[in-house]
Amino acid sequence: MLLTQRSTLTQFLIEERRRFPSAGGDFNALILDVAIACKAIARAVAFGELGGTMGNHAAEEGGSINVQGETQKKLDVLSNDVFMQRNEWSGHLAGMASEEMDLPYQIPTQYPRGKYLIVFDPLDGSSNIDVNVSVGSIFSILRAPQEVIDSGRDVVDADFFQPGAQQLAAGYALYGPSTMLVLTVRDGVNGFTLDPNLGEFMLTHPKMTIPEDTNEFAINASNSRFWEAPIKRYVDECLAGKTGARGKDFNMRWIASMVAEAHRILMRGGVFLYPRDCKDPSKLGRLRLLYEANPIGMIMEQAGGRASTGEVPMLGVQPTSLHQRIGLVFGSKNEVERIERYHAEPARAELDNPLFAERSLFRV
């Protein structure tokens with residue numbers, strides 16, 4: 001296969017760096033290390049059952065339940081190890097945090113420490129891995145606090161408590177029919193497809209944008225009985241179609257792999273809802289702020305979309321714990337803003353008795 005005129009990820013990063021003549025090469029090198037980790041995970045995923053990595057992780061091999069209380073898949077553990085091993089040695093990082101680990105990961109003493117932090121979900125959607133649904137990896141790069149850089153001390157949880165607006169870069173890898181890396185370095189969103197012949201990520205989707213309007217929404221309808229009133233209102237209006245308040249038909253999607261959901265929305269628009277609900281009052285949501293909501297939120301905002309808790313912008317939320325959960329709504333800007341308006345409006349009375357509903361026997 002002859003070389004094409006498409007830029008490689010390395011070329012793209014060099015061009016981005018040229019816009020900042022005083023910048024060093026550490027940032028680019030860190031992103032390239034992340035890309036190598038994603039290539040390795042993509043290969044493991046592609047082998048499927050042939051690779052001997054399907055199924056749950058055995059307790060005798062280190063524990064089958066992660067800090068989130070979820071059953072770990074073998075590929076969860078393998079992917080987490082790949083991310084750590086690929087990024088611990090380079091001298092670019094002061095520390096790491098992962099959805100799969102209770103505490104921050106310290107850079108081993110034999111390696112130098114750098115000025116960045118990385119947080120990641122090594123294999124998002126892994127509950128679907130045994131049925132061959134697209135999964136992915138999500139990552140976010142932050143600057144380490146200056147005191148950590150100056151002192152060289154071990155990182156602690158609070159060092160990662162930075163609002164999403166402070167992210168330096170965010171991205172995800174999608175392991176599907178083709179392997180893609182979608183990346184923002186705060187200058188729009190670009191998509192790279194892994195060329196299996198060259199082993200390189202090639203720029204195939206420059207300057208990705210999300211349409212402001214859509215007729216698709218994604219939500220787990222099995223939780224409908226736990227939704228708050230503004231979410232019920234929004235979904236009911238979508239389901240009412242042309243005869244309802246919205247005056248148009250909507251399609252509903254649900255993959256249960258957030259990377260796959262985000263990628264669909266990035267490619268053709270839509271809105272994704274995993275809102276706060278009353279299913280477990282002790283949790284303010286199901287998704288993780290640092291590992292999922294912030295990086296996906298930054299990608300959406302950089303592509304012209306919007307990311308929100310449903311009430312306030314996601315990227316302005318101040319983290320308070322390493323594994324903090326939160327409600328998340330993202331996608332086409334006008335739809336997300338509508339959901340925010342519904343949350344801001346006074347609660348409407350919920351009348352379950354059909355005698356007093358909108359089309360009641362006592363309507364005047």
Side-chain angles (χ1 to χ4, degrees), residues 68-71 124-128 131 133-134 213-265 268-289 292-293 296-297 300 305-314 317 324-360:
Q68 312 293 339
E70 299 166 339
T71 300
D124 176 75
S126 61
S127 62
N128 286 323
V131 294
V133 170
S134 294
D213 295 295
T214 184
N215 63 348
E216 287 189 348
F217 69 101
I219 193 167
N220 184 355
S222 67
N223 289 327
S224 61
R225 64 193 185 279
F226 303 113
W227 293 341
E228 296 177 329
I231 299 299
K232 290 181 180 178
R233 175 185 175 186
Y234 177 79
V235 173
D236 285 347
E237 289 181 352
C238 291
L239 295 176
K242 289 182 179 179
T243 61
R246 301 298 304 277
K248 65 177 181 178
D249 291 330
F250 282 77
N251 292 322
M252 186 169 70
R253 303 282 186 257
W254 186 251
I255 305 174
S257 171
M258 195 172 73
V259 166
E261 303 274 10
H263 193 71
R264 185 191 64 251
I265 289 171
R268 69 186 194 200
V271 61
F272 171 93
L273 304 94
Y274 212 136
R276 180 182 63 192
D277 58 38
C278 63
K279 186 175 183 178
D280 184 346
S282 68
K283 296 176 181 177
L284 297 179
R286 292 291 303 279
L287 299 176
R288 288 76 181 178
L289 175 59
E292 297 171 319
I296 294 297
M300 293 296 139
R306 187 167 179 84
S308 173
T309 66
E311 300 177 4
V312 298
M314 180 59 64
V317 175
Q324 182 176 345
R325 295 175 184 257
I326 200 163
L328 175 60
V329 177
F330 66 76
S332 294
K333 183 177 180 181
N334 289 342
E335 294 301 305
V336 177
E337 289 181 345
R338 176 182 289 271
I339 294 165
E340 289 177 323
R341 289 199 305 271
Y342 288 0
H343 277 89
E345 292 175 2
R348 302 192 304 179
E350 295 296 321
L351 301 176
D352 294 328
N353 189 332
L355 294 178
F356 298 94
E358 182 179 352
R359 297 183 178 273
S360 72

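Counting heavy atoms from C-beta on, the side chains of Leu328 and Met258 come closer than 4.5 Å. For the pair Pro230 and Glu345, the minimum side-chain heavy-atom distance is 4.5 Å or more. Proximity of Ile219 to Trp227: side-chain heavy atoms (C-beta onward) are separated by under 4.5 Å at one or more points. Residues Ile326 and Leu284 are not in side-chain contact: their nearest non-hydrogen atoms beyond the backbone lie 4.5 Å or more apart. Residues Ile339 and Ile231 have side chains in contact (heavy-atom distance under 4.5 Å, counting atoms from C-beta outward). Inter-residue side-chain proximity for Thr309 and Arg276 is flagged as unmet; no heavy-atom pair is nearer than 4.5 Å. Counting heavy atoms from C-beta on, the side chains of Met300 and Arg306 never come closer than 4.5 Å.
The side chain to side chain donor-acceptor pair (under 3.5 Å) search around Asn215 returns none, not counting sequence neighbours. For the salt bridge (Lys or Arg N to Asp or Glu O under 4.0 Å) test, no residue two or more places apart in sequence or in another chain qualifies with Arg341. Applying the side chain to side chain donor-acceptor pair (under 3.5 Å) test to Thr243 and every residue at least two apart in sequence or in another chain returns nothing.
Considering every non-hydrogen atom in both Ala221 and Met252, the closest pair reads CB-CE, 4.2 Å. Here the shortest heavy-atom pairing between Ala218 and Arg264 reads CB-NH2, 3.5 Å. Residue Ser257 comes nearest to Gly125 through the heavy atom pair OG-CA, 4.1 Å, listed as atom of the first residue, atom of the second, then distance. Residues Cys238 and Arg246 share a closest heavy-atom pair of SG-NH1, 4.4 Å. Taking both residues in full, the closest heavy atoms of Gly331 and Ile265 are given as CA-CG2, 3.7 Å, listed atom of the first, atom of the second, then distance. Summarising the geometry of Ala307 relative to Gly297, their closest heavy-atom pair is CB-CA, 3.4 Å, with the distance given to 0.1 Å.
The structure places CG of Asn220 at 13.0 Å from CD1 of Ile255, a figure rounded to the nearest 0.5 Å. Between the NZ atom in Lys232 and the CG atom in Asp277 there is a gap of 10.5 Å [rounded to 0.5 Å]. Rounding to the nearest 0.5 angstrom, the gap separating the NZ atom in Lys279 from the OG atom in Ser222 is 6.0 Å. How far CZ of Arg268 is from CD of Glu216: 4.0 Å, rounded to the nearest 0.5 Å. With rounding to the nearest 0.5 Å, the separation of CZ in Phe272 from CD in Glu261 is 5.5 Å. Considering CD of Glu228 and CD of Glu311, their distance stands at 6.5 Å, rounded to 0.5 Å.
Between the side chain of Asn128 and the main chain of Val133, no donor-acceptor pair closer than 3.5 Å is present. Checking side-chain atoms of Ser332 against main-chain N and O of Gly270 turns up a donor-acceptor pair under 3.5 Å.
Neither side chain, Thr214 nor Glu335, offers a donor N or O lying under 3.5 Å from an acceptor on the other. Defined by atom type and a distance below 3.5 Å, a donor-acceptor pair is present between the side-chain atoms of Tyr342 and Glu237.
Ring pair Tyr234/Phe217 is perpendicular by interplanar angle, where above 60° counts as perpendicular and below 30° as parallel.
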